[in-house]
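Some notes on the structure that comes next.
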Amino acid sequence: MSRKQWLLSGFVAFTCLASTAAISGPIENYSPVTTQRLENPEPGNWMLYRRTYDGQGYSPLDQINASNVKNLTPAWTFATGVVEGHEAPPIVNNGVMFVATPMGQVIALNAKTGDEYWRYKRQLPDDLFQLHPTSRGVGLWEDKLYLATTDDHVVALDAKTGKVVWDTKVQDYKKGQYMTLMPLIVDGKVIVGGSGGEFGVRGYVAAYDAKDGKELWRTFTIPGEGEPGHDTWQGEDWKNGGGSAWMTGNYDKETKTIYWGVGNAAPWPGETHPGDNLYTSSVLALDPNTGKIKTHHQYHQNDSWDWDEVDAPMLIDLQRDGRNIKSLVHPGRDAIFWVLERTPTKINYVAGWPFVSTDVWKGIEPESGKPIVDPAHKPVIGKRVEFCPSLWGGKDWPSAAYSQRTGLVYVPANENFCGGFTGEKVALKPGELWLGTKPEDIGLKAKPGADHFGELQAWDPATGKKVWQHNFPKSQLFGSVTATAGDLVFVGGTNDRNFRAFNAKTGELLWEQKTNSGIMGMPVSYEIDGTQYIAIQSGWGVDAQRIQDALATNNIGIEANVPQGGVIWVFALKK
Amino acid sequence: MSRSSFTTNSASPENSTEPEVDAGIEQTRRTLLLGALASTACLGCSPPARAGEDPPGSDERPQKGDVLVFSEGDKEGKLITAADVPAGGPPVHAWPKDPNTSVVRSASRLNEILIIKLDPAELDEKTRARAVDGIIAYSAICSHAGCPVTAWVKSDVGDKEVFKCMCHNSEYDPRAGAQVVFGPAPRRLAALPLALADGSLNVAGNFIGKVGGAQPG
């Protein structure tokens, strides 16, 4: 052996040892995920985006409760080694945690100890420009898990080892097609939706066979020629009409119907795409086996404000006006708190009211549920128009939660921001931004004298009454909410890096913990060996950082910088 | 038509502040740009590379001896001379072009270049040494997440104009080797040595520094 060979072999041996010492995998005794387990998840697990198919974001665990949450303390932490916005919930299946991070990574951890089993690192293309370099999580099925990537692939990984089982290209990232959502798994189908409305894509929802990655169906959110709803578009507008579908849908297991939120129309000014523009800014009811559109409800027509309605409505059984309603509840980006009724064939409008101040809507037509536009605040071509709330809306993608104990919906809202821009006609160039306005002509303003921006709101969807509200001075609220049977509401989302627990009944702040960075992701709760844990990813970036930058430039004493870098935090009661 | 209406200015007793859009705080240039990114936007993204359809060499990085051509605007494809670069900015966007084969290296977006002319007295020593008559060149791709650097705006952390990546608000000072002055970018933009030949700009060497965004791990 030459000296060079000897040195090389020594180096290889060292790296193998170092690599082995850093992990504790592969995973033994993994619990396969089945339809039965997804439809009726054990209280101690969190296997879907919002734990259950109804999207309520509610944990039935109550060991940690309003009386003892003050004793909550970190059990373990794990640095992801990745910067930018960490937006995924830690997914937990019988003691194994899977965490998706920005830049296409998935980390498998022992959920009790924080020891690493394995890590998947996707080799993203060098020329990828990531509009939102993030991921909202991995879906589970049998002994695999599924990741939708920013270079627009769906990837199946072996849950025990992290090795790639299959990798299916969905569309071309070089044309502005990308994905950030957590796949929805229904009966062995991996269901995803595409991002890219700002590039003038035609949005879609698609399903892939969990076993081999074969595409089973693809349903466009903009109806083509001959399809119902096509007549809500003029000319060729439908071909690049937007309607991206970049958040995970919810699922009614009784009627076997998926409810999927659809984004805004492209480009922004409604004048550039006359008509109602189905199915933009809508919720679609889809058959998971075929992708067929069963029915829909459009929250607002001819969007002109960049108001995506991609956060899928929660499925809640309500008693309202003396009758039982199987409802769809959606606090919208359009500032309206929507209560709808889902039936097997139709979605009915029930009620709607603004949950933050808005000057865009003058009311709602009671029969159709169509909001009535104040034309003075609808952007047009060639004239600057201002509107409230801002482009980020009353509530962006971070999800609300519903407590089955209190009957309240907890909304991460933002107040006192307005926006505006001057619309213009711009020719589409595939792969280039297509907003319908000059970027430098877009504005965002804090209302003069505003004493707060973020609001955690508690609404009774049965009555339309607000029960409590907690204001955040000097910070937006940009994080998903989780409720628990311990009468607690957990949320991060503020620029002070705090993670907080509120009394679900009263709104009293009961506990807070400073973390490494800001929190945008979703809190989850799980149980191992009789101990309840709360887990969250802290990792600021993307739109929360953009709002932060805007706050900082409004001369209201707020700094721009919130530290970045992801850490998984897991909490339990002090013993 | 029967219509219900609601008070649109206040959803709750707590929400007592009236919208006063017209009287709002003066927007800075930066907030204007940020607003564009409210949902899913990337501002000024470059055209996609046309992989598979382009001639050999079109995806190779700039090479010594390459000439430079406009990558956008009315003069797209035409040679860039020193006179085409306005003093004090804004930067000219360029592609490298192989003078022997006439192949424009536009098949990779990582090849796009920013060329700017600044007062040599404003440049730091290293940058001045690389400049040709005050003209300097950098990669147009942000070192954070690979978005394009497209803006030349006044920095919010200083009184000078800077390069800006509007995807994530990173700012770079071209007077100081494009070092990061604001935002999440972890390192400076790659610099491209230039030379002048018969009034035209050409490439004098390889990129100095890594081109493009960070790859984790």
Side-chain angles (χ1 to χ4, degrees), chain A residues 82-83 103 105 121 124 126-133 174-175 195 197-198 306 308 353-359 361-366 372 386 388 390-392 415-416 418-419 429 431-433 435 439-440 442-450 466 469 471 546 549-550 553-555 564, chain B residues 1-6 8-12 14-15 17-25 27-49 51 108-110 141-142 145-148 151 156 166-169 182 184 186 212-217:
Chain A
V82 183
V83 296
M103 314 296 180
Q105 295 201 21
K121 294 182 180 179
L124 295 168
D126 285 343
D127 62 348
L128 178 66
F129 53 97
Q130 299 176 321
L131 308 176
H132 289 77
K174 293 184 176 180
K175 294 179 179 172
S195 302
E198 71 278 17
D306 189 31
D308 274 303
W353 61 87
F355 62 95
V356 297
S357 58
T358 173
D359 55 18
W361 311 120
K362 298 169 74 174
I364 297 176
E365 294 176 357
I372 302 158
E386 309 281 355
C388 306
S390 77
L391 297 166
W392 283 286
E415 180 61 282
N416 295 325
C418 299
K429 293 181 183 177
E432 288 193 51
L433 188 67
L435 299 179
E440 60 269 28
I442 301 166
L444 181 125
K445 301 173 183 176
K447 289 181 187 172
K466 186 189 289 181
Q469 174 173 306
N471 294 342
R546 289 170 186 142
D549 290 340
T553 56
N554 269 255
N555 300 318
Q564 290 201 0
Chain B
M1 181 183 294
S2 171
R3 290 182 169 185
S4 66
S5 63
F6 42 64
T8 56
N9 289 338
S10 178
S12 69
E14 293 86 350
N15 301 334
T17 306
E18 293 294 319
E20 292 182 41
V21 179
D22 294 338
I25 296 168
Q27 300 164 68
T28 65
R29 186 97 177 257
R30 187 140 172 269
T31 49
L32 295 172
L33 298 170
L34 285 164
L37 294 164
S39 59
T40 50
C42 160
L43 302 182
C45 295
S46 300
S108 171
R109 58 186 296 276
L110 301 181
I141 304 302
C142 179
C147 296
D156 280 305
M166 290 174 283
C167 278
H168 301 95
N169 299 309
F182 184 82
Q215 282 287 304

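In what follows, every chain begins at residue 1, and chains take the letters A, B, ... in the order their sequences are listed. On a predicted model such as this, the values are computed, not experimentally measured, just so you know.
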Exercise: identify the closest heavy-atom pair between B:Asn169 and A:Arg546: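 Minimum heavy-atom contact is ND2-CG, 4.0 Å.
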Calculate, to the nearest 0.5 Å, the distance between atoms SG and NE2 belonging to B:Cys167 and A:His132 respectively.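 Going from the SG atom of B:Cys167 to the NE2 atom of A:His132 covers 9.0 Å.
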I need the A:Leu128 CG to B:Arg109 CZ distance, nearest 0.5 Å.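 Taking CG in A:Leu128 and CZ in B:Arg109, the distance rounds to 8.0 Å.
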